[in-house]
Engineer: 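Just passing along the structure, written as structure tokens.
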Amino acid sequence: MALFAPSRDERAGKGVSFSEEDIEAARKIFSGPITFLKSAPSLEFLPDPLVNEVAFAGRSNVGKSSLLNALTNRNSLARTSNTPGRTQELNFFDVAEPLRFRLVDMPGYGFATAPKEVVKKWRHLINDYLRGRQVLKRTLVLIDSRHGVKDVDRDVMEMLDAAAVSYRIILTKGDKIKASELEAVHIQTIAEARKRAAAHPDVIVTSSEKGFGLPELRAAVMEAVS
């Protein structure tokens, strides 16, 4: 199977443009100290809202933890698992010294086989955090390139639209499908994003394994918190 082998322009994604200076500045920040701060199983355990935050949201097993590890050039900053639904808390990571901003790894949504009470708890935690966190500057909604946008993703995006919470769609696992299929899902996802009130109009295609799209994603995070 011929997998996607992107050029420089394709790595950035259609319409996604950052200067070399922005990309290099973001690379330096993400190459610096990044440390785990705490896990929050409920809102009362959230850290004090001292700095801006960027949250990573997505369906269970979409590759959030793998993308966080690749983005930060770490092997085990965020725990990865082949078992959907392992991340059940909000995990906070401090970026840079002195502290510049935080990354937040959110529980995966849409894992239907979890106990109903667990699913309900996750949903409330995710929704309450996304709607009520004043220092949250952007949510990155991760979509598996192999599957595209699903109804459960649309539910989350509709909630973000209604709450006027800024978000950007990120396609993950872009190396796992054929180039023609990736191009099609990319176009479809851009069209989906541009229909939505709170969504950034451009979509970044990434691969945690191959590394493409990561420089642009780092720059996008820096843009959001600056």
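Any value given below was found using the heavy atoms of this structure, including those in side chains, with hydrogens, waters and symmetry copies removed. For the single chain, residues carry numbers from 1 onward in sequence order.
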Engineer: Could you tell me which non-hydrogen atom of Leu68 sits nearest to which non-hydrogen atom of Asp105, and how far apart they are?
Structural biologist: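 For Leu68 and Asp105, the tightest heavy-atom pair comes out as CD1-CB, 3.5 Å.
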
Engineer: Could you tell me which residues satisfy salt bridge (charged side-chain N to carboxylate O under 4.0 Å, His left out) with Arg74, sequence neighbours excluded, listed by chain and number?
Structural biologist: none

Engineer: Report yes if the side chains of Val104 and Tyr129 come closer than 4.5 Å at any heavy-atom pair, otherwise no.
Structural biologist: yes

Engineer: Okay, side chain of Thr172, backbone of Val62: is any donor-acceptor separation there less than 3.5 Å?
Structural biologist: yes

Engineer: Determine the minimum heavy-atom distance between Lys64 and Phe56, stating which atoms define it.
Structural biologist: CD-O, 3.3 Å

Engineer: Give the C-alpha distance, both sets of side-chain angles, the deciding distance and a yes or no for side chain to side chain contact (heavy atoms under 4.5 Å, CB included) between Asp202 and Ile190.
Structural biologist: CA-CA 6 Å; Asp202 300 319; Ile190 290 170; 5.5 Å; no

Engineer: Does Met106 reach the side chain of Leu130, with side-chain heavy atoms less than 4.5 Å apart?
Structural biologist: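 Yes; the side chains approach each other to less than 4.5 Å.
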
Engineer: Taking all atoms of both residues into account, what is the closest heavy-atom pair of Gly174 and Phe212, and its distance?
Structural biologist: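 Scanning both residues, the minimum pair turns out to be C-CZ, 3.6 Å.
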
Engineer: Between the main-chain N or O of Thr139 and the side-chain N or O of Arg168, is there a donor-acceptor pair closer than 3.5 Å?
Structural biologist: no

Engineer: Applying side chain to side chain contact (heavy atoms under 4.5 Å, CB included), run through Gln188 and Val149 and close with a yes or a no.
Structural biologist: CA-CA 9 Å; Gln188 293 165 2; Val149 179; over 6 Å; no

Engineer: Check step by step if salt bridge (Lys or Arg N to Asp or Glu O under 4.0 Å) holds for Glu158 and Arg154.
Structural biologist: CA-CA 6 Å; Glu158 287 171 6; Arg154 294 186 179 96; over 6 Å; no

Engineer: Checking side chain to side chain donor-acceptor pair (under 3.5 Å) between Asp175 and each of Ser207, Ser208, Ser145, which is the one that passes?
Structural biologist: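 Filter result, single survivor: Ser207.
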
Engineer: Cut-off 3.5 Å, side chains only: do Asp161 and Tyr167 have a donor facing an acceptor?
Structural biologist: yes

Engineer: Do Leu77 and Phe93 touch side chain to side chain, with heavy atoms closer than 4.5 Å?
Structural biologist: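 Yes; the side chains approach each other to less than 4.5 Å.
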
Engineer: Kindly say whether Leu171 contributes a backbone atom to a donor-acceptor pair with the side chain of Thr206 at under 3.5 angstrom?
Structural biologist: yes

Engineer: Between His186 (side chain) and Val203 (backbone), is there a donor-acceptor pair under 3.5 Å?
Structural biologist: yes

Engineer: Any side-chain heavy atom of Val185 within less than 4.5 Å of one from His147?
Structural biologist: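 They are not in contact (no side-chain heavy atoms under 4.5 Å apart), so the answer is no.
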
Engineer: Could you check whether any side-chain heavy atom of Val221 comes within less than 4.5 Å of a side-chain heavy atom of Leu103, counting everything from C-beta outward?
Structural biologist: yes

Engineer: Quiz question: by atom type and distance under 3.5 Å, do the side chains of Ser66 and Asn69 form a donor-acceptor pair?
Structural biologist: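 Not at all, the side chains of Ser66 and Asn69 share no donor-acceptor pair under 3.5 Å.
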
Engineer: Assess whether side chain to side chain donor-acceptor pair (under 3.5 Å) is satisfied between Asp153 and Tyr109, documenting all intermediate values.
Structural biologist: CA-CA 9 Å; Asp153 301 310; Tyr109 55 79; 2.7 Å; yes

Engineer: If you take all heavy atoms of Leu125 and Pro107, which pair is closest and at what distance?
Structural biologist: CD2-CG, 4.2 Å

Engineer: With a 3.5 Å cut-off and no angle check, do the side chains of Ser39 and Asn91 form a donor-acceptor pair?
Structural biologist: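 A pair is found: one side chain offers a donor N or O, the other an acceptor, under 3.5 Å apart.
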
Engineer: Would a distance-only check, ignoring hydrogens and angles, find a side-chain to backbone donor-acceptor pair under 3.5 Å from Asp144 to Arg146?
Structural biologist: yes

Engineer: Check whether any side-chain heavy atom of Asn73 lies under 4.5 Å from a side-chain heavy atom of Ser31, and answer yes or no.
Structural biologist: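 Asn73 reaches Ser31 side chain to side chain.
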
Engineer: On a heavy-atom basis, which atom in Leu71 and which in Leu214 lie closest, and how many Å separate them?
Structural biologist: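 Nearest pair, atom of Leu71 first, then Leu214: CD1-O, 3.9 Å.
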
Engineer: With side chain to side chain contact (heavy atoms under 4.5 Å, CB included) as the test, would you mind laying out the steps for Val225 and Arg100 before giving the verdict?
Structural biologist: CA-CA 9 Å; Val225 299; Arg100 295 282 299 271; over 6 Å; no

Engineer: So which heavy atom on Arg102 is nearest to which on Leu37, and how close?
Structural biologist: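 Smallest heavy-atom distance, with atoms named: NE-CD2, 3.3 Å.
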
Engineer: Is it the case that the side chain of Arg27 and the backbone of Ile23 share a donor-acceptor pair, with hydrogens and angles ignored and the cut-off at 3.5 Å?
Structural biologist: no

Engineer: List the steps, then state whether side chain to side chain contact (heavy atoms under 4.5 Å, CB included) holds for Arg138 with Glu223.
Structural biologist: CA-CA 10 Å; Arg138 181 147 301 160; Glu223 179 185 63; 4.1 Å; yes

Engineer: Walk me through it: do Lys137 and Glu53 pass the test salt bridge (Lys or Arg N to Asp or Glu O under 4.0 Å)?
Structural biologist: CA-CA 6 Å; Lys137 294 303 178 183; Glu53 295 171 354; over 6 Å; no

